[in-house]
Amino acid sequence: MTDKIHYRRDGDIAVLRIANPPVNALSQEVRTGLAEGMNRAEADTGVRAVLIVGDGRAFIAGADIREFGKPPQEPHLPDLCNRIEASPLIVVASLHGVSLGGGLEVALSAHYRIAQPTARVGLPEVHLGLIPGAGGTQRLPRICGAKDAIGVITSGRHLGARDALALGIIDEITENDPEEAGLSYTRTLLAEAAARRPVSELPAPEPLDWDAVYEEVLKKGRGQISPAAAVRAVQASSELPFVDGLAEERRIFNDLMQTDQRKGMIHAFFAERQVSNLPELKDTPARQVEQIGVVGGGTMGAGIATAALLAGLRVALLEMTQQAAQAAGERIAGNLAGALKRGKITAEQQSRMLSENLICDTRDAALSDADLVIEAVFEDMDVKREVFGRLDAVCKPGAILATNTSYLDVNEIAAATARPSDVIGLHFFSPAHVMKLLEVVVADKTAGDVTATAFALGKRLGKTAVRSGVCDGFIGNRLLNACRSAADHMVLDGASPFQIDSALQDFGFAMGPFAVSDLAGLDIAWAMRKRRAAGRDPRERVGRYADKLCEAGHFGQKTGEGFYLYEKGRRGGTPDPRVIDLIKAERVERGITPRSFSDAEIQRRYMAAMVNEGAKVLGEGIAGRPLDVDMVQIFGYGFPRYRGGPMKWADMTGLPEVLADIDRFAQEDAYFWSAAPLLRELVAQGRTFDDLNRDA
Ligand code: 3H9
């Protein structure tokens, strides 16, 4: 027996306790230990039943993801599950914490399952670009039917104990300690002379219109293939004998294991956990934060206040007039009503948040007790500096002063105070109570414990916090501006904004860049273009068609007209043909003969611009690790998770190929397409961005 599985006898029951912290992943040692434990129990005279339980905070969180991509080692999990199910003894699994993926598959190979009320189960393999590969697609439909099994497997969602009971996945919910409850349940089974109950022997599930279900799931996956592949595996459970269905599941699982989507999603899984884990902050304690101040109650300020309230913090919001303060309060109340509707909070929590935890005021003194204040006022340096001067005067010593600026120089803002070491950037994304990304912008003088506090706050707010240095646009908007320019150049040269949006949606982006501009408001980028015009290099190509739209008052969704036309009550917009006329006129004016672009070329150019800027941001030290850039794009900019982020995408595409693209494009526009020195360096050394992640 390996030391990951503890064996003990309790009368005629053998207990196998899995002890592989932190989450009992099914590593090779655990699989070996479980197989040996089953052998030992069967050889142990007098044993009539086996109880499998998990030590620590979970039953089993699934296969050990770190083993994926390496040569598989025996015993294989599907064989282990079959071996458990085939045991002549009664096998019971007692679940607590999570039982996910292979963890639930082990449980499904037991003959009976019970769970604590707080237990959660699920088959989340699709989120790793895979399908369940140890019988989950064959056993679950035999328990709950094909339709529900497809719902569980293609969404990868976690089910609470009640839902699991309703679907027949577990037999009983028990309050007691998992081992105690399991022993008592098993004793009852033995006393009642209950029979073994192998799920594989249950009748095959009902047939569905498989092609229709497959197409529907494929469409919903927006380019992600594993959920649709799972439908085919469940189809096999309905149409083939159990062993053949299992073989079909294995074939699909192994095929998916070789895909870039699997590699991208597993990269994202680990990067998501690593991104907020900064080695330099390991021993730096965070400051205590219980009360947050927010300056400005517009969409952003109200969103930040909502996020803080939802995390159980007290909030003081400052506005200029009584009327604005009241409007901010109403915005926050509206956000919380949405959270109530989605079941995120109870009515009681909602009313407590509004009546006890929130004040909206017009006096600076309202911020005097705040541990951390976030400024979310108009994006103008003079305005920000004035606000920070006032904050410096009113906030208590040790309070952290944060700016939500998305472009401006945080060093300059910090210099407006006598405590620059307490100043930091906290760049939220709108709507701030929904979007997961938080860029933590560390300025030259920001103290280590201020950065540590920002990361601790990010965690408390449920955000994915990413460290960025100071530059125009930080990590996210720097990359966005670079690819927006690439898109703009393609428009000038012959592509339409609508073709570009559609090609990039096909690539997997949640929205194309022109639809995003309409959503954000075209006036924002217009103001930025005007701000930058004075210092612009004459070699920079900038389209004027978007300025023309703004001059006509077309600011996107908020005015009903932008690149697209929006009708009230209808989701999304339809292309505005007048945009094409504007672009045509500009091409004539500039003497450009338009050419056609394939969707593949659009994707290639857009991605080359993004990767190149990502490499520049890394080379300049604005981002510390390639995975930081990947996480910013996935959590803040709708980048398809199944591609792992732009830097991972570049690794998988091949850095020499990406560099060759850039050098080729540079023949037309050497100014824009200047390759990042870091990218050249990596190509010359035959290294990848992932190598840099490993070095960090
Ligand atoms: C599968 O089962 C395939 C089978 O169908 C077929 C096989 C043939 N492996 O997230 P946390 C680590 S696919 C290895 O911070 P939480 C994680 O990296 C698998 N490591 O905590 C972290 O390490 P570190 C299907 C794992 O409480 C630490 O545990 N299962 C695994 O917020 C703590 O994790 C899944 O997809 C793993 N399976 O959330 C479940 N899981 O401390 C994936 C976790 O060094 N896991 N770690 O950073 C999760 O969803 C969450 O981690 C979980 C805990 C809910 C379990």
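Every number for a ligand or one of its atoms is a count from 1 in the order of the listing.
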Exercise for review: Between I60, L100, N24, flag the one that comes closest to atom 50 (O) of ligand 1 by a heavy atom.
Suggested key: L100
Review point. Distance below 4.0 Å between atom 36 (O) of ligand 1 and any protein heavy atom?
Key: yes
Check your understanding: Do the charged groups of E290 and R460 touch, with an N to O distance under 4.0 Å?
Key -> yes
Practice item. Ignoring angles and geometry beyond distance, decide whether P78 reaches within less than 3.5 Å of ligand 1 through its nitrogen or oxygen atoms. Key: no
Check your understanding: Looking only at heavy atoms, is any part of V23 under 4.0 Å from ligand 1, and if so is it the side chain, the backbone, or both, or is it neither?
Key -> side chain
Check your understanding: Which one holds for R57 and ligand 1: side chain close, backbone close, both close, or neither close, with close meaning a heavy atom under 4.0 Å?
Key -> side chain
Check your understanding: Just which atoms of ligand 1 are under 4.0 Å from any heavy atom in P124?
Key -> 30 (N), 35 (C), 36 (O)
Exercise for review: Using a 4.0 Å heavy-atom cut-off, say whether A25 meets ligand 1 through its side chain, its backbone, both or neither.
Suggested key: side chain
Revision key, fill the gap. Restricting to heavy atoms, the pick from G62, P21, G101, A61 nearest atom 30 (N) of ligand 1 would be A61
Review point. Salt bridge check: are R694 and D691 linked by an N-O gap of less than 4.0 Å?
Key: yes
Review point. N/O to N/O below 3.5 Å, does that happen between I131 and ligand 1?
Key: no
Exercise for review: Validate the cation-pi geometry between R467 and F455: distance from NZ or CZ to the six-membered ring centre under 6.0 Å, angle to the ring axis within 45°.
Suggested key: no
Check your understanding: Under 3.5 Å between some N or O of ligand 1 and some N or O of E125?
Key -> yes
Check your understanding: Quick one: does F68 get an N or O within less than 3.5 Å of an N or O on ligand 1?
Key -> no
Review point. If you measure from the Lys or Arg side-chain nitrogens to the Asp or Glu carboxylate oxygens, is any gap between D690 and K263 under 4.0 Å?
Key: no
Exercise for review: Answer side chain, backbone, both or neither: which part of H127 comes under 4.0 Å from ligand 1, heavy atoms only.
Suggested key: neither
**Study point:** Per-atom contact, atom 32 (O) of ligand 1, protein heavy atoms, under 4.0 angstrom
**Key:** no
Check your understanding: Can you tell me if P22 has a non-hydrogen atom under 4.0 Å from ligand 1?
Key -> yes
Point to revise | Salt-bridge criterion met for D163 and R157 (N-O under 4.0 Å) | key: no
Review point. Is any N or O atom of E105, backbone or side chain, closer than 3.5 Å to an N or O atom of ligand 1?
Key: yes
Check your understanding: Could any protein non-hydrogen atom be found less than 4.0 Å from atom 53 (C) of ligand 1?
Key -> no
Point to revise | Heavy atom of protein inside 4.0 Å of atom 27 (O) of ligand 1, strictly below | key: yes
Point to revise | Residue, atom name and distance, where the atom is the protein heavy atom closest to atom 10 (O) of ligand 1 | key: R273 NE, 2.6 Å
Exercise for review: Identify whether the distance between the nearest side-chain nitrogen and carboxylate oxygen of R139 and E249 falls below 4.0 Å.
Suggested key: no
Review point. Of the listed options (L123, D79, L128), which comes nearest to atom 13 (S) of ligand 1 when hydrogens are ignored and any heavy atom counts?
Key: L128
Review point. When the ring centroid of F639 is compared with that of Y637, is the distance short of 6.0 Å?
Key: no
Revision key, fill the gap. Salt bridge (Lys or Arg N to Asp or Glu O under 4.0 Å) test vs R31 passes for just one of E67, E105, E74, namely E67
Revision key, fill the gap. Note: ligand 1 atoms sitting under 4.0 Å from heavy atoms of G102 are 1 (C), 2 (O), 4 (C), 5 (O)
Practice item. Take atom 42 (O) of ligand 1 and look for protein heavy atoms under 4.0 Å from it; say yes if you find one, no if not. Key: no
